[in-house]
Amino acid sequence: MWWVCGLAGLAALAGGLLGGEDLARVAGRAAPVLAFLVAVTVVAELADAAGVFDAAARLAARAGRGRTWRLWLLVVVLGTAATVVLSLDTTAVLLTPVVLALAAQLRLAPLPFALTTVWLANTTSMLLPVSNLTNLIALDTLRSLGVEGTGGFTALTWAPFLAGLAGAVAVLGLAHRRQLRGGYALPGDAPRRDPVLFAVAAVVCCLLAPAFVSGVEPAVPAAVAALVLVAAFALRRPGALRPALLPWRTVVLVSGLFLVVEAAQAHGLTDLLRPVAGGGEGFGAHLRLAATAAVSANVADNLPAYLAVEPLAGSAARLVAVLVGVNLGPLVTPWASLATLLWLDRCRARGVHVPLRRFALLGLVGAVVCVSAAVAALQLTA
């Protein structure tokens, strides 16, 4: 997917589909998003290498006290926290293998835990700008609509966030109620880890949450956190610092999507979508817009879907409805979000078979429930 998007972006440039103003607009919007993406990926990878995610999962297993349903709820909490603070891709890429390894060690059915991580990665990515790349892109547009900073963003998104989380937990809990019964034996001792690196990484991850809501540009605390961890690893474990830490494929993918969608918008994409998305305020209008965004995400990935539907918003409430669609809606197709693709790759690497027909049917139910609930909750804060 990354090289297809990269080639498509180059084709848009080579074909003269973008003018100078278009390129300047793309660069202005993409630069802070890509800077944050690179920094937070380095933070997440090094925190995982230090054992932070493994320790959190083992703590959840012990706190579950041998009951499967209690452990599942603790995984819900852990996945939500990871998504909110470190973005949905972190949950998909780093938390998924830890949770699957824990399920295998405890001899629990892996699919309920696997589906929980990917659903939470998508449905709980509404709260903070840093939780999803779409939120970061929306931040500038919200400023132009009178919504200032992270505080203003969260004031609009906290209710849809809680509604989406509740909808996901309800659907997943009912769907897997039989597999979540019973118990498990508590895990053994944790593997040995560098105590200094573990402490530094844990403190950095804990400090990121207040830093992200402080009003500072999200890329700044992410970059500082990345530099602190890089310095710590350079002193304690330099072999862990390798080029693979940098998400260059994702950077190419996101850059290509920005260019392609900008070119499509310059040649009539917005006018094509306008009759479908409708206009106006209120529950019905917001639900129609969110549904348009959700369907677009499941057809062509949530990032280009957001970029395509964003011009149809026109108000802060409608823009949040677009975010509801592209953040909570990508549960049906594997390519609906990059996080889902990364999650599926991690599941296959662990030998966990994901039946795509069941994935799509359950995801359709989840998307309808979560998006509808979140749009209804939006009316409380709009």
Side-chain angles (χ1 to χ4, degrees), residues 18-37 87 125-161 212-222 254-255 257-274 276-282 285-286 288-290 292-294 296-297 302-328 374-375 378-382:
L18 293 169
E21 292 184 2
D22 298 326
L23 286 175
R25 184 164 50 250
V26 169
R29 301 195 73 182
V33 173
L34 294 176
F36 169 79
L37 172 65
S87 86
S125 63
M126 281 291 299
L127 186 60
L128 298 180
V130 299
S131 306
N132 200 320
L133 290 182
T134 55
N135 300 352
L136 283 174
I137 301 170
L139 203 55
D140 282 338
T141 305
L142 283 170
R143 287 194 186 104
S144 69
L145 296 171
V147 178
E148 290 297 329
T150 301
F153 182 95
T154 307
L156 283 172
T157 59
W158 68 267
F161 161 77
F212 283 149
V213 299
S214 65
V216 179
E217 184 70 32
V220 175
V254 173
S255 301
L257 289 176
F258 266 103
L259 292 171
V260 169
V261 175
E262 185 69 28
Q265 286 177 335
H267 292 81
L269 177 61
T270 301
D271 294 333
L272 186 65
L273 291 174
R274 195 179 305 278
V276 180
E281 304 289 348
H286 291 167
R288 180 177 177 180
L289 182 60
T292 302
S296 301
N302 67 336
L303 187 56
Y306 172 79
L307 293 171
V309 181
E310 183 200 58
L312 304 174
S315 71
R318 282 179 61 83
L319 189 60
V320 175
V322 175
L323 288 176
V324 167
V326 298
N327 289 7
L328 279 66
V375 171
L378 173 61
Q379 310 312 305
L380 301 174
T381 56

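We use all heavy atoms of the structure for the numbers below, so side chains are in, but hydrogens, waters and symmetry mates are not.
- Here the options are V326, T150, L323, the test is side chain to side chain contact (heavy atoms under 4.5 Å, CB included), and the partner is N135; only L323 passes.
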Assess the residue pair L328 and F161 against the criterion (side chain to side chain contact (heavy atoms under 4.5 Å, CB included)); give the C-alpha distance rounded to whole Å, side-chain angles, the decisive distance to 0.1 Å, and a yes or no.
CA-CA 9 Å; L328 279 66; F161 161 77; over 6 Å; no
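- Shown here for L156 and A316, the closest heavy-atom pair between the two residues is CD1-CB, 3.9 Å.
- Counting all heavy atoms, side chain and backbone alike, L289 lies closest to A321 at CD2-CB, 4.3 Å.
- A distance of 4.5 Å separates OG1 in T141 from OH in Y306, rounded to the nearest 0.5 Å.
- Rounded to the nearest 0.5 Å, atoms CG (L307) and CD1 (I137) are 5.0 Å apart.
- Here the side chains of P304 and V260 are not in contact, with every heavy-atom distance at 4.5 Å or above.
- Going from atom CG of L319 over to atom CG of L312 covers 11.0 Å, rounded to the nearest 0.5 Å.
- Counting all heavy atoms, side chain and backbone alike, A285 lies closest to G279 at CB-O, 3.4 Å.
- Under the rule for a side chain to side chain donor-acceptor pair (under 3.5 Å), S87 has no partner lying at least two apart in sequence or in another chain.
- Identified under the salt bridge (Lys or Arg N to Asp or Glu O under 4.0 Å) test for residues 305-325, with sequence neighbours left out: R29-E310.
- Closest non-hydrogen pair, L139 versus G149, comes out as CD1-O, 4.1 Å.
- For F153, the ring-ring contact (aromatic ring centres under 6.0 Å, His included) test picks out no residue, with sequence neighbours left out.
- Of the possible polar contacts, one joining the R288 side chain to the V276 backbone as a donor-acceptor pair under 3.5 Å is found.
- For the pair E262 and L23, the minimum side-chain heavy-atom distance is 4.5 Å or more.
- Residues forming a side chain to side chain donor-acceptor pair (under 3.5 Å) with E148 (at least two apart in sequence, or on another chain): none.
- Between P32 and L136 the shortest side-chain heavy-atom distance does not fall below 4.5 Å.
- Across all non-hydrogen atoms, the minimal contact from F36 to A222 is CD1-CB, 3.8 Å.
- Between the side chain of T381 and the backbone N or O of L378, at least one donor-acceptor pair lies under 3.5 Å.
- Among residues two or more places apart in sequence or in another chain, the side chain to side chain donor-acceptor pair (under 3.5 Å) test is passed with S315 by E281.
- Contacts of R274 classified as side chain to side chain donor-acceptor pair (under 3.5 Å), with partners at least two apart in sequence or in another chain: none.
- Taking all atoms of both residues into account, the shortest heavy-atom contact from A293 to A305 is O-CB, 4.1 Å.
- Only one option out of N302, T134, T157 pairs with N327 in a side-chain hydrogen bond (donor to acceptor under 3.5 Å, both in side chains); it is T134.
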